[in-house]
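Notes to accompany the following structure.
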Number of protein chains: 2
Amino acid sequence: MSCHSLGAKGKPGFDLNACSVKPDVMARTQGSHSDITGPRVREAALRLFARHGYAAVSMRQIAAAVGVQAGALYNYTPDKQTLLFDLMRGHMEELLAAWDRAEPQGDAMAALEAFTRFHIRFNTSRADAVFVSYMELRNLEPANFAVIEGLRRDYETRLEAVLRHGAEAGTMVVAEPRIASMALIAMLTGVNTWYRAQGRLSLADVEAVYWDMVRRSVEG
Amino acid sequence: MSCHSLGAKGKPGFDLNACSVKPDVMARTQGSHSDITGPRVREAALRLFARHGYAAVSMRQIAAAVGVQAGALYNYTPDKQTLLFDLMRGHMEELLAAWDRAEPQGDAMAALEAFTRFHIRFNTSRADAVFVSYMELRNLEPANFAVIEGLRRDYETRLEAVLRHGAEAGTMVVAEPRIASMALIAMLTGVNTWYRAQGRLSLADVEAVYWDMVRRSVEG
DNA sequence: GTCTATAAACAGATAGAC
DNA sequence: GTCTATCTGTTTATAGAC
């Protein structure tokens, strides 16, 4: 054993990886793991891209983290660029879908609180994907960039709509809803740069601190 | 002329640079430009790092942008890592020095307004340096990272002190001064992601919008 | 101070064996 | 599906001519 636990990586140098014996698939052709290698490639790539940056990570490093040779990666992605794009698109689509499922029915102020708490919880639970989706925008080919940028704008527009409703209802003061939505999202996403699960404040504490600032910043 | 036959590099992506004929140094040895090449190397590196990322930019691309061969760059930096580090350290030190010069004498709320306006003005005037100093942290060697991280914390501490004074004086409500300082800086730095000088809003307009949100978020 | 040439390592991606 | 081997081009950095 000692392997097939997905993350037996040596990390510090991307070396060693030996073994990939999988008891439950022993009947398969030796070395064949199509059903689990795909997700592991994406997980390893996401982790490495977040840590070192897309351009600084080689396909060989990703392969080493997964426990396969570099050539095997091309069974799961046509090229490195598409691997990055799929990770980013997947994250943005999950973000939008999760918010659309969570969006409450109450008034604008309740919706703003829901957005604040949702954004903090969702983003801190997927720090690597959030980081990559923001930091690697400039490494996307133009066509791919346009797609991700569009999804990002969609998300901002969700918050912008909340702020507009609040302003129209008279419960909020928002001179520039579009700018305010970007400002608030930037503030909330900043949590990821310092929050640690083992830290002094619980996630509930963090939500409370930020919701207080968000509420005050737009309150009528 | 035509660039003293120096530049004129093909470089499909980073050409043009159209040599800078400097009349006052024409008497020098042909091809010798020590007094101007250094700054141009830093400017080109900053611009390229901001556009494409440190890891994605080669020394040859920087050289082509300057109009010299790659080997010549090593007269101005011992290596690529030091070039990045010097750019980031220079930016952070200038940021701190500029705020320390500008910091006003009034009460905490006046200081907060000054900080808000200063941060927006300074950062939008040096977008490339701001971008690089944040995005390339993970490409710094540990010792260099520690230096930049320390300078960044120093800057945050300046704002934190303002918020603490306001809270102590009773003119502000700030439950977590450290977190609030990071939240506000994240919000203000976000201006750089969308602000354009040719846009609908002037810099004064932008300052007013953000100052309104900042003030409301901490007002007692 | 800049050039040309080069060293030594590494990149993304592919071909064919098993 | 994975491996080994390889193709082709690029990387940082240095050496020595001018």
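Protein chains get the first letters and strands the later ones, always in sequence-line order, with residue 1 at the start of each.
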Name each donor-acceptor pair under 3.5 Å that joins a side chain in residues 124-134 of chain B to protein atoms two or more places apart or in another chain, with its distance.
unit_1    : atom_1 : unit_2    : atom_2 : d
Thr124(B) : OG1    : Ile120(B) : O      : 2.7
Thr124(B) : OG1    : Arg121(B) : O      : 3.3
Ser125(B) : OG     : Arg121(B) : O      : 3.4
Ser125(B) : OG     : Phe122(B) : O      : 2.7
Arg126(B) : NH2    : Glu94(B)  : OE1    : 2.3
Ser133(B) : OG     : Ala129(B) : O      : 2.8

Next on the checklist: If the cut-off is 4.0 Å, is Thr37(B) near the phosphate of dT2(C), judged by side-chain N/O to OP1 or OP2?
Outcome noted: yes
Checklist entry - Mind checking what makes ring pair (Phe, Tyr, Trp, His ring centres under 6.0 Å) contact with Phe115(A), not counting sequence neighbours? => result Trp99(A), His119(A), Tyr155(A)
Checklist outcome for this item: Dot-bracket assigned to DNA chain D with the 3.5 Å Watson-Crick/G-U criterion, [ ] for crossing and | for other-strand pairs, is ||||||||||||||||||
Checklist entry - Going from CD1 on Ile62(A) to CG on Leu83(A), what distance comes out if it is rounded to the nearest 0.5 angstrom? => result 5.5 Å
Checklist entry - Side chain of Asn75(A): nearest nucleotide among dC3(D), dG1(D), dC3(C)? => result dG1(D)
Item to check | Donor-acceptor pair between Asp154(A) and Thr157(A) side chains, under 3.5 angstrom | outcome: no
Please produce a list of atom pairs where a protein N or O lies less than 3.5 Å from an N or O of nucleotides 5-12 of chain C.
unit_1  : atom_1 : unit_2   : atom_2 : d
dA11(C) : OP1    : Ser58(A) : OG     : 3.2
dG12(C) : OP1    : Lys80(A) : NZ     : 2.9
dG12(C) : OP2    : Met59(A) : N      : 2.8
dG12(C) : N7     : Arg60(A) : NH1    : 3.0
dG12(C) : O6     : Arg60(A) : NH2    : 3.0

Checklist entry - Taking only residues two or more places apart in sequence, or in another chain, which ones meet Arg200(A) in a side chain to side chain donor-acceptor pair (under 3.5 Å)? => result Glu176(B)
Next on the checklist: Looking at Glu93(B) and Gly90(B), would you say the former's side chain and the latter's main chain have a donor-acceptor pair under 3.5 Å?
Outcome noted: no
Checklist entry - Of all residues at least two apart in sequence or in a different chain, which pass the side chain to side chain contact (heavy atoms under 4.5 Å, CB included) check with Ala186(B)? => result none
Checklist entry - Taking 4.0 angstrom as the limit, do Glu156(A) and Arg153(A) come out as a salt bridge? => result no
